[in-house]
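These notes concern the structure reproduced below.
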Amino acid sequence: MKDTQIKKLIDAEKKRQKKAINLIASENYVSKDVLEALGSELTNKYAEGYPGARYYGGNEVMDKIENLAKERALKLFKLSPNEWAVNVQPLSGSPANIAVYLALVPQGGPDASVGAGKIMGMSLAHGGHLTHGHKVSASGKFWTQVPYDVSQKTEVLDYEELKQVASSEKPALIVAGFTAYPRIIDFKKFRDAANAGGAYLMVDMSHFAGLIAGGAYPSPFLYADVVTTTVHKTLRGPRAALIFSRKDNRELDKKIDKAVFPGLQGGPHLNQIAAVAVALQEASTPVFRKYAAQVVKNARALSDELARLEWRIISGGTDSHLLLVDTWMNGNPSTSLMAGGVGGKEASERLEKAGIIVNKNTIPFDTRSPVDPSGIRLGTAAETTRGKKEKDFIAIARKIDRILRNGDRTH
Ligand code: DSN
């Protein structure tokens, strides 16, 4: 690369990535093939529209690439092209979710015949995502959020309450999905809630898509109307997103295609779509199945060891690639071992100094602020890609404990 300034910065970031223990639950390391597709000449081309119906000439090859990505996406999640459609153009997860709402949830405003539709999503503070209707996101500005929380007692979803809220609030759409919820979601119960409220069911599987592909987490496709996902988390692809929609007389796929382009985006990034296709192929292999299973085993090992060392794990454990640790523990460290009493901000800063990268995170019913919450979120997808197994995660848990504890301890 001739641009030495950027080259130096890329090299510095490469070095940082190599050295750090990466426990960010939403990150991963892509293959060389994915990087090659991303850095290819495909970036030079405009392809507004969809395969066979573009607004620019010269898209013969691009059509093949986009169709191949769609074919691989359906195949990976065992979907028949007669029953499901997929849009592979969303640039990332947030626009994918907004595109679905644009397509399916009535908008408010002066010309609207009805008020803005309601989006029922997990509240951010309990593990949802900004685009599940939070007020600072477009999803909460143009539509109205009906939030749902986890139970205070168990810290897991309360499906009875979910159903009751759905039937009384009558949202247009319910989102099942999370960025910081460690447990398996019961998609059938979400379907029941959606039926009770007359709502569409959208599953945002961004965090656990790779686990589903690898058979380590239940699939939502039997129950959902629409499924969105990013590609760059457990699915280990480039930064990009997909929208799957059930094909029936409601024509969800046609509405969603129109919402993505021309509704929200311009030309698709075909270099990114080619990289998605590469990642989807990689995720369909037996090696990836083993990887997905190992990600969950590693998260359990990390969670169990931290719990043994007296750190409070939200909901008591994990069924996925992530866990939430209450590092503050109400400011009352366990007297025997001095676990706790560290705010999430300080915890993440102390860990970063020691080369362990995590993010501070609110815990359900947090008494502290989102900028300095009570916990941290840990994920195992990235380090499992680097070959780490349970014993390595036990060692990482002990290292985290040594860095965060406020008193002496021998293991
Ligand atoms: N920001 C992502 C995460 O870290 O979970 C979700 O978009």
Side-chain angles (χ1 to χ4, degrees), residues 17 20-30 90-101 119 121-140 145 147 150 157 175-185 202-212 217 220 226-243 264-265 272 276 279 295-296 299 302 314-315 318-325 344-345 347-348 351-352 356-364 366 370-371 373 375-385:
Q17 288 188 12
I21 294 177
N22 183 3
L23 301 184
I24 303 279
S26 46
E27 292 182 7
N28 214 326
Y29 296 107
V30 298
L91 302 176
S92 208
S94 293
N97 288 350
I98 301 294
V100 175
Y101 308 148
I119 295 168
M122 192 189 274
S123 58
L124 187 67
H126 286 236
H129 187 253
L130 284 167
T131 60
H132 296 174
H134 192 277
K135 63 177 191 295
V136 303
S137 139
S139 65
Q145 190 194 36
V150 297
L157 287 166
V175 186
F178 58 73
T179 65
Y181 179 74
R183 296 303 189 171
I184 277 174
I185 292 179
M202 171 180 129
V203 175
D204 178 348
M205 65 172 185
S206 295
H207 262 270
F208 43 93
L211 304 182
I212 296 169
Y217 197 93
V226 176
V227 177
T228 61
T229 185
T230 49
V231 187
H232 47 275
K233 299 184 174 82
T234 49
L235 200 46
R236 213 162 63 185
R239 309 192 78 86
L242 311 172
I243 305 173
L264 194 64
Q265 296 185 176
Q272 190 189 33
V276 167
V295 167
V296 178
L302 181 61
I314 300 307
S315 84
T318 179
D319 307 318
S320 65
H321 62 302
L322 72 81
L323 50 138
L324 272 179
V325 189
K345 182 170 181 285
S348 74
L351 290 167
E352 181 157 0
I356 299 179
I357 312 299
V358 307
N359 66 283
K360 62 185 179 213
N361 218 101
T362 50
I363 60 169
D366 210 324
V371 287
I376 53 175
R377 183 183 67 161
L378 308 179
T380 54
E383 290 301 323
T384 306
T385 292

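Numbering of ligands and ligand atoms starts at 1, following listing order.
Taking only nitrogen or oxygen atoms, main chain and side chain alike, Thr179 does not reach within less than 3.5 Å of ligand 1.
Distances shorter than 4.0 angstrom do not occur between any heavy atom of Glu27 and any atom of ligand 1.
In this structure, atom 1 (N) of ligand 1 has no protein heavy-atom contact shorter than 4.0 Å.
Side chain of Thr380 to backbone of Val295: a donor-acceptor contact under 3.5 angstrom is found. Looking only at distances, a side-chain donor or acceptor of Gln272 sits under 3.5 Å from a matching main-chain atom of Leu91. For the pair Thr318 (side chain) and Ala299 (backbone), a donor-acceptor distance under 3.5 Å is absent.
Closest protein heavy atom to atom 5 (O) of ligand 1: His207 NE2, 2.7 Å. The protein heavy atom nearest to atom 7 (O) of ligand 1 is His129 NE2, 3.0 Å.
Arg239 contributes atom CZ, which lies 8.5 Å from atom OG1 of Thr230 (distance to the nearest 0.5 angstrom). Put simply, CG on Asp319 and OH on Tyr181 are 8.0 Å apart, with the number rounded to the nearest 0.5 Å.
Numbered from 1 in the order shown, with element, the atoms of ligand 1 that lie under 4.0 Å from a heavy atom of Arg377 read 3 (C), 4 (O), 5 (O).
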